[in-house]
Amino acid sequence: MAEVIRMPKMSDTMEEGVIASWLKKEGEEVSSGDVLAEVETDKATMELESYQDGVLLHIGVNEKDVVPVDGIIAIIGEKGEDFQHLLNGEPAKEEKEEEETGEISAEVPKKETVDTSSINASVIRMPKMSDTMEEGIIASWLKKVGEEVVSGDILAEVETDKATMELEAYEDGILLYTAVEAGAGVPVDGVIAIIGEKGADFQVLLNAESSQVKEDVSAEEVASPAAPAVSEPTPAASSASQQSKPVVSTASSNGRIKASPLAKKIASEKGIDLSEVSGSGDGGRIIKRDVEQFTPSQTPKADGATPSISIPTVVGEERSEKVELSQMRKVIAKRLADSKFTAPHFYLTMEINMDKAIEARKSMNEIAPVKISFNDMVVKAAAAALRQHPDVNVSWMGDHMVKHHHIHMGIAVAIPDGLIVPVVRFADNKSLSHISAEIKELAQKAKDKKLQPEEFSGNTFTISNLGMFGIEEFTAIINPPDACILAVSGIKETVIVKDGEMKPGNVMKVTLSCDHRAVDGAVGSAFLKTFKGLLEDPVRILI
């Protein structure tokens, strides 16, 4: 049966999205997990995945069109299936015939609505903080029940499948109720808390939520009367029933294991096979608690029997494993592949004498409030050089070019899941101490997965430094939409020829990767020459 694909709410502030590009065409076959389109939100460009198999019967919007949240984007179903009634908001043909003939086998019980109009309080729900998010974990509560809350206050920290993010309050009032304790998971749109005026009867809101859940369950039971009734265990008996109940199959009809993103991540880190884990979530879905409490089964030994030892028949044993790609790694692969194969790269390499920079850094660190690194000096020198060469501080946008009058330096940081580029904004106007402190803070946030979208977007120029690994020279792939990226290598002690004499010295090689569509060789070379002069005489950075 055909189903409508709607614009999902990909961030807590998202109201509409722009279809950046369609990756599937009408008539193409689609499998669950395939990326249908790229969607630009108010924070980032994200991938829109399909959650079912079928044929892409209809595309409702063109590329670059704006679609409100929950607006119809596309329809997926069986080949040749009639879907026009879905666009018109009419019921399916089978349902319509049943209504006309009166041959409806069962009737959904009439709603018994709970009046909440007089309750001056609002329910706070779990927002969908990423396109793949199905549930969030309340990492910690930053407000307690009974405390006053002002719009903009942080209520809690929420762990998603991608990062730990802050949950803001959007209204003033008293935190009357919290639904779960820290460490517990809440599905998307599930109740997290209630905020309202002091003394408000929030229990009425909870009763309304409870009655809504019961109505949904009743509707499901009416829809499938042949299904056996399952009695819901009381909280007191839940733990005992979990111990005695048989293992629930967690595999869907297409062989995919139903598990939350966080459960998959923890299982991957612990080396646990999810097919052996019993799921306690909805429909047998595996959640965080199931993985953390899972104990691998062991084959019992007979009393007195000598344990068998498996001895390989050869000295070595070939062994490989499939590593599932994280969402971050998929995006990195796609963006860098697009950059490498779309932007015509050319490279400019220069050797810089770092003797004076070494002396200057030593002198500065004697009085600096934070320890200044060579990378901090590189960032400051690059920002100062960009101010003198604005034609390098540009972005290629396909049919036009954007010249930036501000300088936002992106700093590539390696984290366990891949690579992320935090941004130091207005770097040319900041002191070395300021830059040093900010880079340290952003790098730690990146490793803790606590970067906010505005902290890793908006860069106009990027620096990738592998000097700490002893790399003598390398080239970097341009980080779009930047037109250039600077690859910085390690400082090497070597022999320098100056005025016909050989002397010991310290040199560092840098390579500027340029998008030839936006930056010409002479422009890039002039920038590098200025950058070299600033590092070889660091006092000029301060002017």
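All values below were derived from every heavy atom in this structure, side-chain atoms included, with hydrogens, water molecules and symmetry-related copies excluded. What you see is a predicted model, and the numbers here were worked out from it, not measured in a lab.
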Exercise. Can I332 and L336 be said to form a side chain to side chain contact (heavy atoms under 4.5 Å, CB included), step by step?
Worked result: CA-CA 6 Å; I332 290 171; L336 293 186; 3.8 Å; yes

Are [X] and [Y] side-chain neighbours, meaning at least one heavy-atom pair lies under 4.5 Å?
X    : Y    : answer
L176 : E197 : no
V277 : I272 : yes
L142 : S140 : yes
T462 : V421 : yes
F461 : I407 : no
K264 : E324 : no
E49  : D34  : no
Q444 : L442 : no

Between [atom1] of [X] and [atom2] of [Y], what distance do you get to the nearest 0.5 Å?
X    : Y    : atom1 : atom2 : value
E40  : E16  : CD    : CD    : 11.5 Å
L167 : K143 : CG    : NZ    : 12.5 Å
I195 : F202 : CD1   : CZ    : 13.0 Å
L56  : L36  : CG    : CG    : 6.5 Å
I72  : I5   : CD1   : CD1   : 10.5 Å
M126 : I137 : CE    : CD1   : 7.5 Å

Looking at [X] and [Y], what are the two nearest heavy atoms and their distance?
X    : Y    : answer
P8   : I73  : CD-CD1, 4.4 Å
E181 : I138 : O-CB, 4.2 Å
A139 : A182 : O-CB, 3.8 Å
V413 : A446 : CG1-CB, 4.3 Å
I19  : A37  : CG2-CB, 4.3 Å
D82  : Q84  : OD1-N, 3.3 Å

Exercise. Can a donor-acceptor pair be found between the side chains of S373 and N375 at a distance below 3.5 Å?
Worked result: no

Problem set entry | Between T460 and N393: side-chain donor-acceptor atoms closer than 3.5 Å |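 Yes, side-chain donor-acceptor contact under 3.5 Å.
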
Problem set entry | K334 with E38: basic N within carboxylate O range, under 4.0 Å |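 Counted as a salt bridge, because a side-chain N and a carboxylate O are separated by less than 4.0 Å.
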
Under 3.5 Å donor-acceptor, [X] side chain and [Y] backbone:
X    : Y    : answer
S395 : P481 : yes
W141 : T178 : no
S457 : P453 : yes
D448 : K445 : no
N365 : I372 : yes

Does atom [atom1] ([X]) have a neighbourhood of more than 12 heavy atoms from anything else shown, all under 6.0 Å?
X    : atom1 : value
E63  : CD    : yes
M468 : CE    : yes
Q203 : CD    : yes

For this session: State which residues pass ring-ring contact (aromatic ring centres under 6.0 Å, His included) with H406; sequence neighbours excluded, sorted by chain then number.
Result: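 Only H404, H408 meet the ring-ring contact (aromatic ring centres under 6.0 Å, His included) criterion with H406.
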
Exercise. Can you list the steps and then say if I287 with E135 is a side chain to side chain contact (heavy atoms under 4.5 Å, CB included)?
Worked result: CA-CA 9 Å; I287 59 178; E135 72 173 1; 4.0 Å; yes

Could you list the donor-acceptor pairs under 3.5 angstrom formed by side chains in residues 426-439, with sequence neighbours left out?
| from | atom 1 | to | atom 2 | distance (Å) |
| --- | --- | --- | --- | --- |
| D428 | OD2 | R387 | NE | 3.0 |
| D428 | OD2 | R387 | NH2 | 2.6 |
| K430 | NZ | R425 | O | 2.8 |
| K430 | NZ | E438 | OE1 | 2.7 |
| K430 | NZ | E438 | OE2 | 3.3 |
| S431 | OG | H434 | N | 3.2 |
| S436 | OG | K371 | O | 2.9 |
| S436 | OG | D376 | OD2 | 2.9 |
| S436 | OG | K440 | NZ | 2.7 |

For this session: Evaluate the side chain to side chain contact (heavy atoms under 4.5 Å, CB included) criterion for residues M377 and K380: first the C-alpha distance (whole Å), next the side-chain angles of each, then the deciding distance (0.1 Å), finally the verdict.
Result: CA-CA 5 Å; M377 298 177 71; K380 180 65 176 177; 5.8 Å; no

Problem set entry | Trace of the side chain to side chain contact (heavy atoms under 4.5 Å, CB included) decision for V145 with Y177 | CA-CA 6 Å; V145 173; Y177 168 79; 5.8 Å; no

Below 3.5 Å, can you tabulate the donor-acceptor pairs from side chains in residues 185-194 to any protein atom, sequence neighbours excluded?
none

